[in-house]
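Atom set for the values below is all heavy atoms of this structure, side chains included, hydrogens, waters and symmetry mates excluded. Naming: A, B, ... by sequence-line order, numbering from 1 per chain.
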2 protein chains.
Amino acid sequence: MKPVTLKEIAEKLNISVTTVSKALKDYSDVSPKTKALVKELAATLNYTPNSFAVHLRTKESKTIGLVIPEVVHHFFSNVIKGIISEAEKEGYLVIILQSNESYELEKKQIELLMSHRVDGILISLANGTADFKHLNAVIEQDKPLVMFDKIAKLVKCSKIIIDDQKAAYIATQHLIDTGCKRIAHFRGPLLPQNSIDRFLGYKKALLDNGMEYDPNLVYLNDCDENSFDDGKMNAAKLYKEHNDVDGIFINTDMVAIGAISEFNRLGVKIPEEISIVGFSNWFMSSVISPTITTIDQPGYAMGQTAFKQLYKEIKAHKNNVAISPEIIQLETALVKRESTKN
Amino acid sequence: MKPVTLKEIAEKLNISVTTVSKALKDYSDVSPKTKALVKELAATLNYTPNSFAVHLRTKESKTIGLVIPEVVHHFFSNVIKGIISEAEKEGYLVIILQSNESYELEKKQIELLMSHRVDGILISLANGTADFKHLNAVIEQDKPLVMFDKIAKLVKCSKIIIDDQKAAYIATQHLIDTGCKRIAHFRGPLLPQNSIDRFLGYKKALLDNGMEYDPNLVYLNDCDENSFDDGKMNAAKLYKEHNDVDGIFINTDMVAIGAISEFNRLGVKIPEEISIVGFSNWFMSSVISPTITTIDQPGYAMGQTAFKQLYKEIKAHKNNVAISPEIIQLETALVKRESTKN
DNA sequence: CTGAAAGCGCTTACAG
DNA sequence: CTGAAAGCGCTTACAG
């Protein structure tokens, strides 16, 4: 059974395709009687417009593209959910692509989306991305682009972020306030902006409190991901190298959970011997033992905000209105739990 | 900067659009010289075909739709990842929609996908879905449809599933083999097929081992979701009502984690006083304390298989080859951990 | 109030 | 080897 077309409806009703099209769209210059007739037949025939034809004419696809580093990830699934739900309200569909933290893949997927003529692109950068040509190409083609969470400062587009530096500062300050004297940092991979900012916040908190900043207490990951095993490995290393550390600010909850699991195994008491603050407020951090003090990162809201901003730019673009990039910062909050004192 | 069209290339080269189109697609009846010229210019102009125009002609969108109950879910994110990665290999894009476990939304989203003329649809049913008209409509329109995980036996299409009943049987048998004498079951919501099948496997294992099946030991959820709180509540209830229970087979790891958290709070020792087997092998079940014995459910592989089957049917459909629905069962495995004895 | 016509950007059967 | 023409299914400016 083939989809019904305007032409078929027109033929059955003995009127023109033009009139059918207008009737369906409630143009004011069609008689109520004709409208009723057309709508009724369209309904019984289960007519739905061929979106390709519509898009070819209108130059709108009502589809946006989303490129994220990793789908299987609590924070990003929440972002996805926020985007999808907001997009739905405006009748937009979302094509999701995963970059796997790889620059090459990310680039390829941006190209794919461009050739599919999506109306706009939402992206959170791969950790491996240090070159932004593919993103600047999007902007040059006048295609709305909004970055969120993992952004590049150098790319001229709107960005939805949190204040990573401030949040990291607050996290570190909490360790200091609860009595930690020597505080380490698991900073994750080297490149991404949020790794950098969280590190800077950590460092600033130490210095502002008159504490020594010791580069040896900053642990990097081996690769571009933030995994459970990174947490285990870095915890084991720290335990050997710096037994005097009594607090750690950890880049991501997943890594914090790995670290806790290792400390549990080693018999190191949390928070008595060592306090831990994570980042993200991943659901699991409220359920593991001990529960993890962490920074709540609003994934769902970030997804919603990102779509809204993109939608705004798509509309502006359609109406040929120039619009300047915005930086929107979302609030974070420290969530106190068992992995830090009182 | 507007996207380049075939016409523009043709004009610059003083040849016809037809020839440009053919050259780009390596038709054998175009001279190598022309081909080279065309390809070079296309590359420098950054030409990409307008997908709407292509699709309008070819009736293929190279896009599929995916409807799942919930994006923020370890199992489903793995499925998504499997689907996306497999789709990419064949040049397909994936539009993801979330039904939120609601029949109404699911129906609406199927319609959306149909009107967007996707080449095929992949779906895992909402727990609230008991009427299948919207799915039969897809099949009647001759659009390839593949169901996975949460399926409806009554719908005539291909299905990718695990043997829930067998897996549940093995899970329950493991409780029996490790000495449990009175085994309860948290079965989740009432409707979905996999809830039913897991329950049946549980019951069968009891009866096959000459144990009594006591309906009072089967706990349902309040709503259509499987949440941490369901686990907590049902554990608390079970603790009050049936203090003699020494093993529970729980429908989903998330619920098992809730139950464990409640038992920890109540001071009930796991597995000494009560053994627990979950379902899914959610990453967290290997990290929580105690780690959870569970059934490994291959989400990523399920996603891959689902796409492969859909792709097969899309190709068959394109070539007007009739194809009969297939039921593909994926293997599961019991993963033994600390929440059950030895 | 209705409709003929042009055109969106492609692909492909056909003619030369 | 090249190209004119038709057509995919719509929308919309224009004429009447």
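The stretch residues 32-50 of chain B comes close to DNA chain D through Pro32(B), Thr34(B), each having a heavy atom under 4.0 Å from the strand.
If you take NE2 of His55(B) and P of dG9(C), they are 16 Å apart, rounded to a whole angstrom. Between the P atom of dG9(C) and the NZ atom of Lys25(B) lies a distance of 18 Å, rounded to the nearest Å. A straight line from CD1 of Ile9(B) to C1' of dG9(C) spans 12 Å, rounded to a whole angstrom. Atom CG of Leu13(B) and atom P of dT2(D) are 11 Å apart (whole Å). Taking atom NZ of residue Lys7(B) and atom C1' of nucleotide dA4(D), one finds them 15 Å apart after rounding to whole Å. The distance between atom CG of Leu6(A) and atom P of dT2(C), rounded to the nearest whole Å, is 16 Å. Spacing between atom CD of Glu11(A) and atom P of dG9(D) amounts to 12 Å, rounded to whole angstrom units. One atom, CG of Leu24(A), and another, C1' of dT12(D), lie 15 Å apart when rounded to the nearest Å.
Backbone-only engagement by Ser31(B) is indicated by non-hydrogen atom pairs under 4.0 Å involving sugar-phosphate atoms exclusively. Counting non-hydrogen atoms under 4.0 angstrom, Thr18(A) reaches a base of the nucleic acid.
Ring-centre distance between His55(A) and His116(B): below the 6.0 Å cut-off.
In this structure, the side chains of Gln109(B) and Glu88(A) come closer than 4.5 Å at one or more pairs of heavy atoms. Contact annotation: the side chain of Asp119(B) never approaches that of Tyr311(B) to less than 4.5 Å [non-hydrogen atoms, C-beta and beyond]. At a threshold of 4.5 Å between non-hydrogen side-chain atoms, the residues Phe76(A) and Asp149(A) count as touching.
Of the two residues near DNA chain C, Tyr27(B) and Leu56(B), the one whose nearest nucleotide lies more 5' is Leu56(B).
The two residues Ala301(A) and Thr305(A) have their closest heavy-atom pair at O-OG1, 2.7 Å. What you find for Glu313(B) and Leu145(B) is that their closest heavy atoms are OE1-O, 4.0 Å. Here the closest non-hydrogen pair linking Leu125(A) and Glu101(A) is O-OE1, 4.3 Å. Contact detail for Leu113(B) and Leu66(B): the closest heavy-atom pair is CD1-N, 4.2 Å. Nearest heavy atoms, Ser61(A) versus Phe52(B): CB-CZ, 3.1 Å. Phe148(A) and Ile68(A) get closest at one heavy-atom pair: CZ-CG2, 3.8 Å.
Distances shorter than 4.0 Å separate some side-chain N or O of Ser21(B) from OP1 or OP2 on dT11(C). For Thr19(A) and dG3(C), the shortest distance from a side-chain N or O to OP1 or OP2 is below 4.0 Å. OP1 or OP2 of dG9(D) sits under 4.0 Å from a side-chain N or O of Lys59(B).
Each of Ile80(B), Ile96(B), Ile95(B) was checked for a side chain to side chain contact (heavy atoms under 4.5 Å, CB included) with Ile96(A), and the lone residue meeting it is Ile96(B).
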Give each protein N/O atom lying under 3.5 Å from an N/O atom of nucleotides 14-16 of chain D, with the pair distance.
none

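Annotated stems with DNA chain D as a participant read C:1-3 with D:14-16, C:5-12 with D:5-12, C:14-16 with D:1-3, given as range with range, by first number; only runs of 3 or more Watson-Crick or G-U pairs under 3.5 Å qualify.
When distances run from any side-chain atom of Arg57(A) to the nucleotides dC10(D), dG3(C), dG9(C), the shortest one goes to dC10(D).
A 6.0 Å sphere centred on CD of Glu11(A) holds more than 12 heavy atoms belonging to other residues, nucleotides or ligands.
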